[in-house]
Amino acid sequence: MGRIVSIGECMGELSETGTPGTLGMGFAGDTLNTAYYLRQSLGSDWQVDYVSAVGTDGLSGRMVEFLNGEGIGTDHIRRLADKTIGLYHITLKDGERSFTYWRNDSAARQLASDPATLARALEGADLAYWSGITLAILPNQDRIALIEALSQFAGRGGTVVFDPNLRPRLWDNPETMRGWIHRAAAISDLCLPSFEDEATWFGDRDPAATVRRYIGEGARRVIVKNGAAEVTYQGADGAMTTLPIPPAEQVVDTTAAGDSFNAGYLAAELCGASTSDAIKAGARLASRVIGARGALVANVATTL
Ligand code: ADP
């Protein structure tokens, strides 16, 4: 039996239903999306736990129920009496999605404020997955605490996997973001950036430059996603390789493309696939996810 922990913030998603005056309610968030697709992709010999913090109110309860219903472990989600979950609303206008967020004071911002809870969550896990969004929402001292906890986890032989998921709006300024992202990559075994974001915020000229930069910061392995273009990666052997991505049958909604790629990749690797086969599995899963609407698409992994 193996155990994965995915650490971060899951939010309530409010979306238009087409019925005036009625909003639909769902749940999503980058690290939750990856946990969801890991759960779909892996057999019952793997436990997938979500590590976060929510409130004790009804809405928080619904989120925890949702996660349980999807087979995702919730034992390491803190319940804070004076907080609730973050929310966002999606507006679709002329095919363009725009988002409104209420997350500045969400419970998840305290997910790393209790060292004992964090240590318990990581105890005995094989792999810890987190992202730049996980880091962005934390107060400074908790960023340090989380990096320290994950670094100790890695020291005990755990695998730390990091998606930079750059979101400058969540940071005080881009310089601060860049500094913390590199500190996070430095303690991660595997770093899974998306080139477009990296080019924008780090000025990388090509995906190979992204690979080299994260390796230079201390990541052991780096896999750079680049939309429909080829994936560029460097493994522990130090060789830089590119792998083309098969074209997606149809692109309906690219939400969670990167998150689902990461899950497909990790699930394949945990089942013994080579790096190139695991990348192909990640790309297959992502292409199915972007062929349907929404971040969480049911039954896409089981048919791979
Ligand atoms: P993010 O969602 O983080 O921006 P990317 O856009 O780089 O990530 O996409 C992540 C992965 O999703 C890609 O590596 C690829 O496998 C798949 N993907 C994304 N867009 C397409 C596309 N248009 N056609 C085929 N695959 C795609």
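Here the structure is a predicted model, which means the values were calculated and not measured. Numbering of ligands and ligand atoms starts at 1, following listing order.
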*Do Tyr214 and His182 come within less than 4.5 Å of each other through their side chains, counting heavy atoms only?*
yes
_Contact atoms of ligand 1, heavy-atom distance to Gly258 under 4.0 Å_ = 1 (P), 2 (O), 3 (O), 8 (O), 10 (C)
*Could you walk me through whether Asp189 and Thr159 pass side chain to side chain donor-acceptor pair (under 3.5 Å), step by step?*
CA-CA 6 Å; Asp189 173 66; Thr159 302; 5.0 Å; no
*Backbone, side chain, both or neither: what part of Ala248 comes under 4.0 angstrom of ligand 1, heavy atoms only?*
both
*Measure from the side-chain N and O atoms of Gln40 to the backbone N and O of Val297, and report whether any donor-acceptor pair falls under 3.5 Å.*
yes
*Provide the number and element of each atom of ligand 1 under 4.0 Å from a heavy atom of Ala286.*
12 (O), 17 (C)
*Heavy atom of the protein closest to atom 4 (O) of ligand 1 (residue, atom name, distance)*: Ser194 OG, 3.9 Å
*asked:* Any non-hydrogen side-chain atom of Ser52 less than 4.5 Å from a side-chain atom of Met63?
replied: no
*asked:* Among all the protein's non-hydrogen atoms, which is closest to atom 14 (O) of ligand 1, and how far away is it?
replied: Lys225 CB, 3.5 Å
*Pairwise side-chain contact, Glu13 with Ile90, heavy-atom cut-off 4.5 Å (strictly under)*: yes
*Anything under 30° is parallel, anything over 60° is perpendicular, the rest tilted; go ahead and classify Tyr101 against Tyr88.*
tilted
*Out of Ala257, Ala228, Ala283, Gly227, indicate the one that has the non-hydrogen atom closest to atom 15 (C) of ligand 1.*
Gly227
*Looking only at atom types and distance, does a side-chain atom of Ser274 sit under 3.5 Å from a main-chain N or O of Asp277, one as donor and one as acceptor?*
yes
*Give the numbers and elements of all ligand 1 atoms closer than 4.0 Å to a heavy atom of Val251.*
23 (N)
_To check your reading of the model: name the closest protein heavy atom to atom 21 (C) of ligand 1, its residue, and the distance in Å._
Ile290 CD1, 3.5 Å
*Give the residue and atom name of whichever protein heavy atom lies nearest to atom 26 (N) of ligand 1, and the separation in Å to one decimal.*
Ile245 CG2, 3.8 Å
*Any N or O of Asn165 closer than 3.5 Å to N or O of ligand 1*: no
